[in-house]
*Asks:* 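Quick one: the structure is below, questions incoming.
In what follows, chains carry the letters A, B, and so on, assigned in the order in which the sequence lines appear, proteins first and then strands, with residues in each chain numbered from 1. These numbers come from a predicted model, not from an experiment. Just the heavy atoms: all of them, side chains too, but no hydrogens, waters or symmetry mates, feed the values below.
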Amino acid sequence: MIKEQKIALINAGKYNPESIAEYLKLGGYQNIEKALQKNPADIIELMIEAKLRGRGGAGFPTGLKEKFTNEAVCERCVQKYLVCNADEGEPGTFKDRIIMEQDPHVLIEGLIIAAFAIGATKGYIYVRGEYTKSIHMLRVALQQAKEKGFLGKNILNSGFDFELEIKLGAGSYLCGEELTLLESLEGKRGYPRIKPPFPAEKGLFGKPTLINNVETFTHLPYIIEHGAEHYKSMGTEKSPGTKIFTISGDVNKPGYYETIMGVTLRSLINDLAGGIKGHKKFKAALLGGAAGTFVDETVLDTPMGFDSLKEKGAVLGSGAIIVMSEERSVFDMAYSILAFFKHESCGKCVPCRVGTAQLMILMDKAKENSSKKSQILDHLLYEADYMAKNSLCPLGQSPILPIKSLKQYFQHQF
Amino acid sequence: MDKSALISDFEPAKDNMLNILHRLQNKNPNNYLTTEDLKFVAEYLNTTYSSVYGVAEYYSMFSLKPRGKNIIRLCKSPVCNMISGKSLIEVIENVLDIKMGGTTSDMLFTLEPSECLGHCALAPVMMINDKMFTNLTEDKIKEILEKIRNNNPTQ
């Protein structure tokens with residue numbers, strides 16, 4: 001029986017998110033004081049040592065990202081930026097929303113620590129336009145943190161200046177992709193940029209930029225407080241720490257659950273989410289949302305970590321788990337996902353613009369003529385493969401993930 | 001209304017574009033951006049009309065056409081779809097006698113599809129303006145829309 005273990009959500013629900021006084025009573029912002037007394041390079045080393053990995057989906061080592069951004073320019077006078085990706089839009093994912101609505105201050109703490117580590121004096125939180133409650137909570141928290149002197153000039157007499165601003169998205173899934181997000185932040189259409197250069201080198205306004213997911217930043221204060229060794233004692237060797245899993249679909253208690261990395265899908269579904277609804281059998285889970293992978297019961301006992309899932313041809317992604325009982329059709333789910341990609345393709349590059357439409361033509365064909373489904377699945381795989389190889393950004397590179405997993409696990413039920 | 005006063009807390013920098021467009025749209029009783037709005041923003045940010053138009057047209061939360069007082073955003077994400085089936089669109093379409101994307105003739109409602117609204121544990125869901133409505137059923141939707149209608153008697 002697994003239990004919840006919390007880092008990102010450690011204070012969530014324990015205080016009124018509109019009251020910084022209550023947060024301070026819980027020991028809030030003490031890690032800022034601790035961090036500001038350290039050498040910025042030591043903070044980066046600490047994050048590398050803790051093996052913290054990005055919680056947005058890709059799992060890139062956060063410490064390395066900080067190091068690259070810090071070392072992108074020699075002169076300290078060059079403006080660097082910090083950006084928090086709060087444009088949560090991956091279907092089935094709502095972890096960042098919970099953090100922002102229930103504990104906005106831990107996010108601000110994490111942002112200040114990261115900014116100090118890389119020497120950024122200006123930061124932005126790019127939050128989804130539809131997340132009205134998150135926006136409200138962030139605005140209130142930001143104002144209160146400013147009044148208490150945790151943001152602005154000469155924070156806690158350390159000589160470090162940091163300004164933080166909220167920017168609103170306006171309904172584009174693609175803007176959750178880091179380079180597209182930066183374009184949007186600059187006040188442009190949400191079109192992706194060619195990578196490299198990476199944001200660490202040439203990001204916002206062409207300057208070195210560190211961009212991380214909301215959940216990732218919330219781990220920083222915890223690591224400052226407890227140290228790398230303690231952090232590494234949680235989770236798995238390659239994916240230490242905790243993760244918020246958002247479980248939806250056919251379970252008795254759908255919701256968000258934070259626990260250590262490396263727990264199994266079976267225990268998440270049974271111990272935390274209350275098992276499959278109506279005593280039905282488990283059929284499939286979609287891990288990581290639309291840009292994720294389908295798995296069947298053979299993956300139920302695989303540890304949930306970035307690398308362990310990869311070995312099974314699956315991804316952890318954002319931590320979204322959409323559970324499907326025996327009564328559901330994986331074909332319908334795949335149809336819904338591919339329709340989503342078609343709608344969200346920005347149209348800038350041809351392989352994705354034509355490809356996402358082509359995938360839907362094939363899905364409609366399969367719907368009409370079910371005897372040809374297995375042939376069509378192979379065709380889908382072929383199309384998605386060239387899209388993955390030729391598309392400009394992760395959106396066009398994503399349909400291969402669910403399609404390949406369908407071929408691997410559900411070839412006969414497609 | 002004086003537009004300059006409305007957005008005076010934003011520096012005239014291009015990166016404030018989205019925040020400014022949101023502000024102007026929210027203050028419009030018909031929830032949309034007028035040609036004058038876009039021209040004004042172009043001048044304020046010292047950029048071209050076409051680049052402001054390009055931004056406003058790209059993002060699905062902005063509208064260049066008048067919309068109803070209440071904007072219904074029905075989540076059509078895979079989770080909401082799976083739990084509800086597709087029937088909820090039809091329910092709203094029938095109650096309001098409009099098609100997806102349309103506005104009622106009394107300008108009270110506009111129905112729009114939305115990607116995942118991040119309330120998957122409470123699926124199916126929809127947003128009406130800033131408010132989230134969860135665990136929707138046909139009856140619940142009818143009740144919610146009825147209530148809004150009753151609070152807005154036709155003049």
*Asks:* Relative to chain B, which of A/Gly255, A/Pro254, A/Gly190 shows the most heavy atom pairs under 4.5 Å?
*Replies:* A/Gly190
*Asks:* In terms of heavy-atom proximity below 4.5 Å to chain B, should A/Tyr256 be classed as side chain, backbone, both, or neither?
*Replies:* neither
*Asks:* With a 4.5 angstrom heavy-atom cut-off, is it the side chain or the backbone of A/Ser184 that approaches chain B, or both, or neither?
*Replies:*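 Both parts, backbone and side chain.
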*Asks:* Using heavy-atom distances under 4.5 Å, tell me whether A/Asp96 contacts chain B through its side chain, its backbone, both, or neither.
*Replies:* neither
*Asks:* Any salt bridge linking B/Glu138 with B/Lys142? Criterion: basic side-chain nitrogen under 4.0 Å from a carboxylate oxygen.
*Replies:*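 Counted as a salt bridge, because a side-chain N and a carboxylate O are separated by less than 4.0 Å.
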*Asks:* Has A/Lys367 got its NZ or CZ under 6.0 Å from the middle of the six-membered ring of A/Tyr335, at an angle within 45 degrees of the ring axis?
*Replies:*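 Flagged: A/Lys367 positioned over aromatic ring of A/Tyr335.
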*Asks:* Measure distances from A/Glu90 to the heavy atoms of chain B and classify the residue's part below 4.5 Å as side chain, backbone, both or neither.
*Replies:* backbone
*Asks:* Between A/Ile98 and chain B, with a heavy-atom cut-off of 4.5 Å, which part of the residue counts as in contact: side chain, backbone, both or neither?
*Replies:* neither
*Asks:* For A/Arg189, which atoms come within 4.5 Å of any heavy atom of chain B: side chain, backbone, both, or neither?
*Replies:* both
*Asks:* Take B/Ser77 and B/Glu115, measure what side-chain hydrogen bond (donor to acceptor under 3.5 Å, both in side chains) needs, and give me the verdict at the end.
*Replies:* CA-CA 5 Å; B/Ser77 81; B/Glu115 295 308 342; over 6 Å; no
*Asks:* Where on A/His136 is there a heavy atom nearer than 4.5 Å to chain B: the side chain, the backbone, both, or neither?
*Replies:*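 Contact with chain B involves no heavy atom of A/His136 at all.
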*Asks:* So, A/Arg97 and A/Glu88, do they make that salt bridge, N to O below 4.0 Å?
*Replies:*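 Answer for the salt bridge query: no.
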*Asks:* So, for A/Phe414 and A/Phe331, is the gap between ring centers shorter than 6.0 Å?
*Replies:*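 Ring-ring flag for A/Phe414/A/Phe331: true, centres closer than 6.0 Å.
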*Asks:* Side chain, backbone, both or neither: which part of A/Leu168 has a non-hydrogen atom closer than 4.5 Å to chain B?
*Replies:*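 It is both, since atoms from each part get that close.
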*Asks:* Looking at B/Asn31, B/Thr110, B/Asn30, which hits side-chain hydrogen bond (donor to acceptor under 3.5 Å, both in side chains) with B/Thr103?
*Replies:*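 By the side-chain hydrogen bond (donor to acceptor under 3.5 Å, both in side chains) criterion, B/Thr103 pairs with just one of B/Asn31, B/Thr110, B/Asn30: B/Thr110.
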*Asks:* What I'd like to find out is whether the side chain of A/Asp250 reaches to under 4.5 Å of the side chain of A/Lys280, using heavy atoms alone.
*Replies:* no
*Asks:* With a 4.5 angstrom heavy-atom cut-off, which part of B/Asn16 approaches chain A: side chain, backbone, both or neither?
*Replies:*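 Both the backbone and the side chain of B/Asn16 come within 4.5 Å of chain A.
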*Asks:* Against chain B, work out which of A/Gly289, A/Ala320, A/Gly171 has the most heavy-atom pairs shorter than 4.5 Å and name it.
*Replies:* A/Gly171
*Asks:* Under a 4.5 Å cutoff for heavy-atom pairs, which residue among B/Lys14, B/Met17, B/Met127 has the most contacts with chain A?
*Replies:*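 Most heavy-atom pairs within the cutoff with chain A belong to B/Lys14.
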*Asks:* Report, in residue-number order, which members of residues 55-65 of chain B are under 4.5 Å from chain A by heavy-atom distance.
*Replies:* B/Val55, B/Glu57, B/Tyr58, B/Tyr59, B/Ser60, B/Met61, B/Phe62
*Asks:* State which residues pass side-chain hydrogen bond (donor to acceptor under 3.5 Å, both in side chains) with B/Asn150; sequence neighbours excluded, sorted by chain then number.
*Replies:* none
*Asks:* Please report the shortest heavy-atom distance between A/Val214 and A/Cys84, naming the atom on each side.
*Replies:*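 Here A/Val214 and A/Cys84 meet closest at CG2-SG, 3.7 Å.
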*Asks:* Begin with the C-alpha distance, continue with both residues' side-chain angles, and end with the deciding distance and a verdict on side-chain hydrogen bond (donor to acceptor under 3.5 Å, both in side chains) for B/Lys69 and B/Asn152.
*Replies:* CA-CA 10 Å; B/Lys69 189 173 162 193; B/Asn152 288 276; 2.5 Å; yes
*Asks:* With B/Asp15, which of A/Lys167, A/Lys188, A/Lys122 fulfils salt bridge (Lys or Arg N to Asp or Glu O under 4.0 Å)?
*Replies:*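 Output: one option passes, namely A/Lys167.
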*Asks:* Given heavy-atom pairs under 4.5 angstrom as the criterion, report whether the side chain, backbone, both or neither of A/Glu186 touches chain B.
*Replies:*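 Just the backbone, heavy atoms under 4.5 Å.
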*Asks:* Given that the side chain runs from C-beta out, which part of A/Leu174 has a heavy atom under 4.5 Å from chain B: side chain, backbone, both or neither?
*Replies:* side chain
*Asks:* Under the side-chain hydrogen bond (donor to acceptor under 3.5 Å, both in side chains) criterion, do A/Asn85 and A/Asn213 qualify, and how do the steps go?
*Replies:* CA-CA 5 Å; A/Asn85 184 345; A/Asn213 174 260; 5.5 Å; no
*Asks:* Flag the one option from A/Gly92, A/Ala170, A/Gly129, A/Gly187 with the top tally of heavy-atom pairs under 4.5 Å to chain B.
*Replies:*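 Max contact count across the listed options: A/Ala170.
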*Asks:* Taking the side chain as everything from C-beta on, heavy atoms only, tell me whether B/Tyr49 gets closer than 4.5 Å to B/Thr35.
*Replies:*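 Yes, close enough: below the 4.5 Å cut-off.
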